[in-house]
*Asks:* 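Can you keep this structure in mind? I'll have questions shortly.
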Amino acid sequence: QVQLEESGGGMVEAGGSLRLSCTAPGRTLRSLVMGWFRQPPGAEREFVATIGWFTPDTKYAPSVKGRFTISRDSDKNALYLQMNNLKPEDTAVYYCAAAPKTYPTMNDDEYTHWGQGIEVTVSS
């Protein structure tokens with residue numbers, strides 16, 4: 001069982017930046033594909049970004065490409081999402097997720113472990 005914990009959320013003005021972190025205390029994230037998803041208020045959960053383990057490949061949702069960067073640190077057993085130039089439409093609960101896959105995937109059905117989520121609010 002992989003328990004994921006997100007941190008780094010909060011409130012920021014439009015144009016600002018935040019960095020989300022995801023850790024798995026007591027459990028390695030090695031060999032797992034990792035992803036970030038988000039659920040805006042009143043909307044369905046959506047894909048944000050994903051990163052592989054065996055390959056450095058990353059994938060991004062078109063709405064965040066060029067503004068968000070997903071990365072991982074195997075030594076710290078952590079996943080990150082650097083979010084720059086934030087917009088009010090980025091307001092959502094952000095979830096970290098892990099998938100026992102070989103290649104990065106945007107399909108949330110393939111993720112078997114999820115964090116509790118963390119709120120990000122961007123004011124205009």
*Asks:* To check you understand the geometry: which heavy-atom pair defines the closest contact between Leu32 and Ala98, and what is its length?
*Replies:*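 Smallest heavy-atom distance, with atoms named: CD1-CB, 4.0 Å.
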
*Asks:* Within the structure provided, determine whether Lys87 and Ser63 are in side-chain contact (heavy-atom separation under 4.5 Å).
*Replies:*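 SC-SC contact between Lys87 and Ser63 ruled out.
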
*Asks:* Would you compute the distance between atom CZ of Phe68 and atom CZ of Arg38 and round it to the nearest 0.5 angstrom?
*Replies:*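 Phe68 atom CZ to Arg38 atom CZ measures 5.5 Å (nearest 0.5 Å).
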
*Asks:* Run Tyr95 and Val93 through side chain to side chain contact (heavy atoms under 4.5 Å, CB included) and show every step you take.
*Replies:* CA-CA 7 Å; Tyr95 297 90; Val93 176; 3.6 Å; yes

*Asks:* Search all heavy atoms of Ala92 against all heavy atoms of Pro41 and return the closest pair with its distance.
*Replies:*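 Ala92 and Pro41 have their closest heavy atoms at CA-CD, 4.4 Å.
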
*Asks:* Following the transitive rule for hydrophobic clusters with a side-chain heavy-atom cut-off under 4.5 Å over Ile, Leu, Val, Met, Phe, Trp and Tyr, establish whether Leu81 and Val12 coincide in one cluster.
*Replies:*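 Yes.
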
*Asks:* If you group Ile, Leu, Val, Met, Phe, Trp and Tyr by side-chain heavy-atom gaps below 4.5 Å, do Ile70 and Val33 land in one group?
*Replies:*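 The answer is no; the residues belong to distinct hydrophobic clusters.
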
*Asks:* Quick check for you: to the nearest 0.5 Å, what is the distance between Thr112 atom OG1 and Lys101 atom NZ?
*Replies:*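 Answer for the OG1-NZ pair, Thr112 versus Lys101, is 10.0 Å.
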
*Asks:* Flag the pair Val120 / Leu20 as yes when at least one side-chain heavy-atom distance between them is below 4.5 Å, and no otherwise.
*Replies:*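 Contact flag for Val120/Leu20 side chains = yes.
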
*Asks:* Decide if atom CD of Glu89 counts as having more than 12 heavy atoms of other residues, nucleotides or ligands within a radius under 6.0 Å.
*Replies:*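 Atom CD in Glu89 is packed in, count exceeds 12.
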
*Asks:* Might you work through the side chain to side chain contact (heavy atoms under 4.5 Å, CB included) test for Asp90 and Arg67, ending with a clear yes or no?
*Replies:* CA-CA 11 Å; Asp90 294 319; Arg67 300 187 298 123; 2.7 Å; yes

*Asks:* Distance from Leu79 atom CG to Ser74 atom OG, nearest 0.5 Å?
*Replies:*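 The OG atom of Ser74 is 12.0 Å from CG of Leu79, to the nearest 0.5 Å.
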
*Asks:* Could you measure the distance from the NE2 atom of His113 to the CG atom of Leu29? Nearest 0.5 Å is fine.
*Replies:*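 The NE2 atom of His113 sits 10.5 Å away from the CG atom of Leu29.
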
*Asks:* Looking only at heavy atoms, which two atoms of Leu18 and Gly9 are closest? And how far apart?
*Replies:*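 So the minimum-distance heavy-atom pair works out to CD1-C, 4.5 Å.
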
*Asks:* For the CD atom on Gln3, are there more than 12 heavy atoms of other groups (residues, nucleotides or ligands in this structure) within a distance under 6.0 Å?
*Replies:*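 Incorrect, the count does not exceed 12.
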
*Asks:* With distance as the sole test, does Glu5 use its side chain to make a donor-acceptor pair with the main-chain N or O of Gly115 at under 3.5 Å?
*Replies:*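 Side chain of Glu5 to backbone of Gly115, a donor-acceptor pair under 3.5 Å: no, none is there.
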
*Asks:* Compare all side-chain heavy atoms of Met34 with those of Cys96 and state whether any distance is below 4.5 angstrom.
*Replies:*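 Sidechains of Cys96 and Met34: in contact.
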
*Asks:* Please tell me if the side chains of Trp114 and Arg45 come closer than 4.5 Å, counting only heavy atoms from C-beta onward.
*Replies:*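 Touching, per the 4.5 Å side-chain cut-off.
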
*Asks:* Would you give the length of the straight line joining atom CG of Asp57 to atom OG1 of Thr105, rounded to the nearest 0.5 angstrom?
*Replies:*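 So the CG of Asp57 and the OG1 of Thr105 are separated by 12.5 Å.
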
*Asks:* Test of understanding: clusters of I, L, V, M, F, W, Y form through side-chain heavy atoms closer than 4.5 Å, transitively. Do Tyr80 and Val48 belong to the same one?
*Replies:*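 No, no single cluster joins them.
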
*Asks:* So, for Pro104 and Gly52, which heavy atoms are closest and what is the spacing to 0.1 Å?
*Replies:*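 Here Pro104 and Gly52 meet closest at CG-N, 3.4 Å.
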
*Asks:* Between Phe37 and Tyr111, is the ring centre distance below 6.0 Å?
*Replies:*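 Yes, the ring of Phe37 comes within the 6.0 Å limit of the ring of Tyr111, centre to centre.
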
*Asks:* How about Tyr60 and Ile51: do any of their side-chain heavy atoms sit closer than 4.5 Å?
*Replies:*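 No. Closest side-chain heavy atoms not under 4.5 Å.
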
*Asks:* As an exercise, state the distance from CZ of Arg27 to CG of Leu4, rounded to the nearest 0.5 Å.
*Replies:*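 CG of Leu4 is found 9.5 Å from CZ of Arg27.
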
*Asks:* Do Ser71 and Gln82 come within less than 4.5 Å of each other through their side chains, counting heavy atoms only?
*Replies:*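 Sidechains of Gln82 and Ser71: no contact.
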
